[in-house]
Amino acid sequence: MSDTYTRTSRTTATRYRERMHYDRALAHAILDEAYDCTIGFVAEGEPRLLPTLHVRVGETLYLHGSSGGRMGLSARHGEVPVAVSVTLLDGIVYARSHVHHSANYRSVVVHGSARLVTDPEEKKAAMAALVDKVGAGRAADSRPPNRREMAETSVLALPLEEVSARARSGGVIDEEDDLALPHWAGVLPVRRVFGPPASAEGVSAAEPAYLPAGDQPWAAAPVPLTGRHVRLEPLTLGHAPGMVEALGDDEVWQHIPARRPQTVDAMRDYLARLLRARWAGSQVAWAQVEPATGRVIGVTSYHDIDADRRALGIGHTIVGKPWWRTGVNTESKLLLLAHAFDDLGAERVFWHTDIRNERSQQAIARLGAVREGVLRRHKQRPDGSWRDTVIFGMTVDEWPEAGRKLRERLAAG
């Protein structure tokens, strides 16, 4: 198979031919990245356009539709001549003159005759591929279509034969006589941003790792961390009932910059705020769970994540009173420190705590952290007063000795 598509009269540009490309790999990459797809066809003698979903499998483009729609009905009688377009907008180009305003983009146009997929196995495979396009692994993590849904859905297959890619990149192209004009010119980049997801009513499952997200390597879906006294599970809304029970004492919320959620619904809202912070790249939260019973103990997290400087905070920790002065907090911090330094490659881990919270300051110091200073009027408490925040820190050079001592403390009970 050639690395390029054969040029035809329908895929040959009449203007800006330098922007046309027939490279097979480039066309595949654009089709695979794009979500916005429009299919054009003729129905009842008139041109029609249909926005739809698409997925590429090898050299076939599968298109989703309704069996009762015009396109699906037209395909019942044989192949349908179509033109398909997908576009990725990368930037808006501002020129000094009206005529030279433009856009940076990557697009693919496919011409051909689409056939209705009637083979049940091919149709099931195509529908699974369509679902996996929005998240690799989603097809296995959701119910496949039943017979009625299969009958109500049409899938068209379009061979990738007449294919052209068109792209523009770079800066402003102005007339030489316009360069002295006082108008601003330049490129405004455009990018697609995902999240945060909003879980449907009644959902208690964790947000799956395959959801598309921004490039936040340290704020990716948290991994489970297991010790003898505590298990850290990626936080989900399903932990809300256990949190209400375990954290039902106002004393455990005394130095937390939030009021205690007193109902399951209020706790779900509170946990949802923590989960949304992961999509901003600023916080990753875990539920603390008793390994032997599965009972929820509390919550903890990484916060103020700075992957560029390889630093993060450990905090927003709330533990139920029955587990105070046990090995739970020490082991939880040990698991988080080991993950930060040994797995993520952190250079520095820090803690922020209310200057009034002497118990927390003593516990952090026992971890081997160094008191580094105070941020005055740093955060506002739920009652409106301003708190001074004490900062503790631990560097990667200090971690091996601190980790050894923490393990010895846990082993000694």
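Summarising the geometry of S164 relative to Y22, their closest heavy-atom pair is CB-CE2, 3.9 Å, with the distance given to 0.1 Å. Residues A240 and V264 approach most closely at CB-O, 4.0 Å, considering heavy atoms. Listed here is the closest heavy atom pair of L335 and G227: CD1-N, 3.9 Å. Smallest separation of non-hydrogen atoms from A165 and V108: CB-CG2, 4.2 Å. Between A258 and P382, the shortest heavy-atom distance links the atoms N-CG, 3.5 Å. Across all non-hydrogen atoms, the minimal contact from W323 to A246 is CZ3-CB, 4.2 Å.
Judged by distance alone, with hydrogens and angles left aside, the side-chain atoms of Q361 form a donor-acceptor pair with the main-chain N or O of I355 at under 3.5 Å. Between the E331 side chain and the H229 main chain, a donor and an acceptor come within less than 3.5 Å of each other. Without hydrogens or angle criteria, S107 side chain to V86 main chain gives no donor-acceptor distance under 3.5 Å. Listed for the T11 side chain is no donor-acceptor partner under 3.5 Å among the backbone atoms of R7. Between the side chain of N104 and the main chain of V93, no donor-acceptor pair closer than 3.5 Å is present. Without hydrogens or angle criteria, T52 side chain to H64 main chain gives a donor-acceptor distance under 3.5 Å. W324 contributes a side-chain N or O that, together with a main-chain N or O of V319, makes up a donor-acceptor pair within less than 3.5 Å. Without hydrogens or angle criteria, W218 side chain to D308 main chain gives no donor-acceptor distance under 3.5 Å. Looking only at distances, a side-chain donor or acceptor of E398 sits under 3.5 Å from a matching main-chain atom of T395. The closest donor-acceptor contact from the side chain of R17 to the backbone of A13 lies under 3.5 Å.
Considering only heavy atoms from C-beta on, L211 comes within 4.5 Å of P197 through its side chain. Using a 4.5 Å cut-off on side-chain heavy atoms (C-beta onward), L156 and Y62 make no contact. With contacts defined as side-chain heavy-atom distances shorter than 4.5 Å, the pair V289/R295 does not qualify. Counting heavy atoms from C-beta on, the side chains of R166 and H21 never come closer than 4.5 Å.
Atom CD in Q362 sits 12.5 Å away from atom CG in L367 (nearest 0.5 Å). For the atom pair OG1 of T317 and CD1 of I364, the computed distance is 8.5 Å after rounding to the nearest 0.5 Å. Rounded to the nearest 0.5 angstrom, R278 CZ and L274 CG are separated by 12.5 Å. Atoms CE and CD1, from M394 and I314 in turn, are 8.0 Å apart once rounded to the nearest 0.5 Å. For the atom pair CZ of F350 and CZ of F392, the computed distance is 14.0 Å after rounding to the nearest 0.5 Å. How far CG of L50 is from CG of L63: 9.0 Å, rounded to the nearest 0.5 Å.
D342 meets the side chain to side chain donor-acceptor pair (under 3.5 Å) test with W399; sequence neighbours excluded. T6 pairs by the side-chain contact (heavy atoms from CB on, under 4.5 Å) definition with nothing, not counting sequence neighbours. Evaluation of the side-chain contact (heavy atoms from CB on, under 4.5 Å) rule for T330 yields L406, R409, L410 as partners, not counting sequence neighbours. With sequence neighbours excluded, no residue forms a side chain to side chain donor-acceptor pair (under 3.5 Å) with N357. Here S85 pairs with T87, V109 under the side-chain contact (heavy atoms from CB on, under 4.5 Å) rule; sequence neighbours left out. With sequence neighbours excluded, no residue forms a side-chain contact (heavy atoms from CB on, under 4.5 Å) with A136.
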Please tabulate, for the side chains in residues 128-135, all donor-acceptor contacts under 3.5 angstrom to protein atoms that are two or more places apart in sequence or on a different chain.
unit_1: D132; atom_1: OD1; unit_2: G137; atom_2: N; d: 3.1
unit_1: D132; atom_1: OD1; unit_2: R138; atom_2: N; d: 3.0
unit_1: D132; atom_1: OD1; unit_2: A139; atom_2: N; d: 2.9
unit_1: K133; atom_1: NZ; unit_2: L31; atom_2: O; d: 3.2
unit_1: K133; atom_1: NZ; unit_2: D32; atom_2: O; d: 2.9
unit_1: K133; atom_1: NZ; unit_2: A34; atom_2: O; d: 3.0

Run the side-chain donor-acceptor check on residues 280-287: report pairs under 3.5 Å with partners two or more places apart or on a different chain.
unit_1: S282; atom_1: OG; unit_2: A277; atom_2: O; d: 3.2
unit_1: Q283; atom_1: NE2; unit_2: S301; atom_2: OG; d: 3.0
unit_1: W286; atom_1: NE1; unit_2: V223; atom_2: O; d: 2.8

Donor-acceptor contacts, no H, no angles, side chain residues 173-182, under 3.5 Å, sequence neighbours left out:
unit_1: D174; atom_1: OD1; unit_2: R96; atom_2: N; d: 3.2
unit_1: D174; atom_1: OD2; unit_2: R96; atom_2: N; d: 3.1
unit_1: D174; atom_1: OD2; unit_2: R96; atom_2: NH1; d: 2.8
unit_1: E175; atom_1: OE2; unit_2: H100; atom_2: NE2; d: 2.9

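A cation-pi contact links R19 to Y16, judged by a cut-off of 6.0 Å to the six-membered ring centre and 45° from its axis. For the pair R24 and Y5, the cation sits on the ring face: its NZ or CZ lies under 6.0 Å from the ring centre, inside 45° of the axis.
The residues R143 and E149 are annotated as salt-bridged, a charged nitrogen and a carboxylate oxygen being separated by less than 4.0 angstrom. A salt bridge between R106 and E33 is present, with a side-chain N of the basic residue lying under 4.0 Å from a carboxylate O of the acidic one. A salt bridge links R381 with D354: the closest approach of a Lys/Arg side-chain nitrogen to an acidic carboxylate oxygen falls below 4.0 angstrom. Between E408 and K405 there is no salt bridge, since no side-chain nitrogen of the basic residue lies less than 4.0 Å from a carboxylate oxygen of the acidic one. With salt bridges taken as basic N to acidic carboxylate O contacts below 4.0 Å, one links K321 and E251.
Looking only at atom types and distance, the side chain of S67 has no donor-acceptor partner in the side chain of S154 under 3.5 Å away. S385 and D383 share a donor-acceptor pair across their side chains, judged by distance under 3.5 Å alone. Between the side chains of T8 and E162, a donor-acceptor pair is found at a separation under 3.5 Å.
For residues 112-121, every residue pair satisfying the side chain to side chain donor-acceptor pair (under 3.5 Å) rule, not counting sequence neighbours, is listed here: R115-E122. The salt bridge (charged side-chain N to carboxylate O under 4.0 Å, His left out) contacts involving residues 355-378 comprise R348-E372, where partners must be two or more places apart or lie in separate chains. Applying the side chain to side chain donor-acceptor pair (under 3.5 Å) definition to pairs two or more places apart or across chains, those involving residues 240-250 are D250-R260.
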Test side chain to side chain donor-acceptor pair (under 3.5 Å) applied to T300 and Q288, step by step:
CA-CA 7 Å; T300 190; Q288 300 178 85; 4.9 Å; no
Assess the residue pair E59 and H28 against the criterion (side chain to side chain donor-acceptor pair (under 3.5 Å)); give the C-alpha distance rounded to whole Å, side-chain angles, the decisive distance to 0.1 Å, and a yes or no.
CA-CA 9 Å; E59 289 296 325; H28 288 182; 2.9 Å; yes
Report the C-alpha distance between E233 and H239 in whole Å, list the side-chain angles of each, state the deciding distance to 0.1 Å, and finish with yes or no for side chain to side chain donor-acceptor pair (under 3.5 Å).
CA-CA 10 Å; E233 297 179 354; H239 289 114; 2.8 Å; yes
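Around CZ of R192, the count of heavy atoms belonging to other residues, nucleotides or ligands within 6.0 Å exceeds 12.
Between Y302 and H339, the two ring planes are parallel [angle under 30°; tilted spans 30° to 60°].
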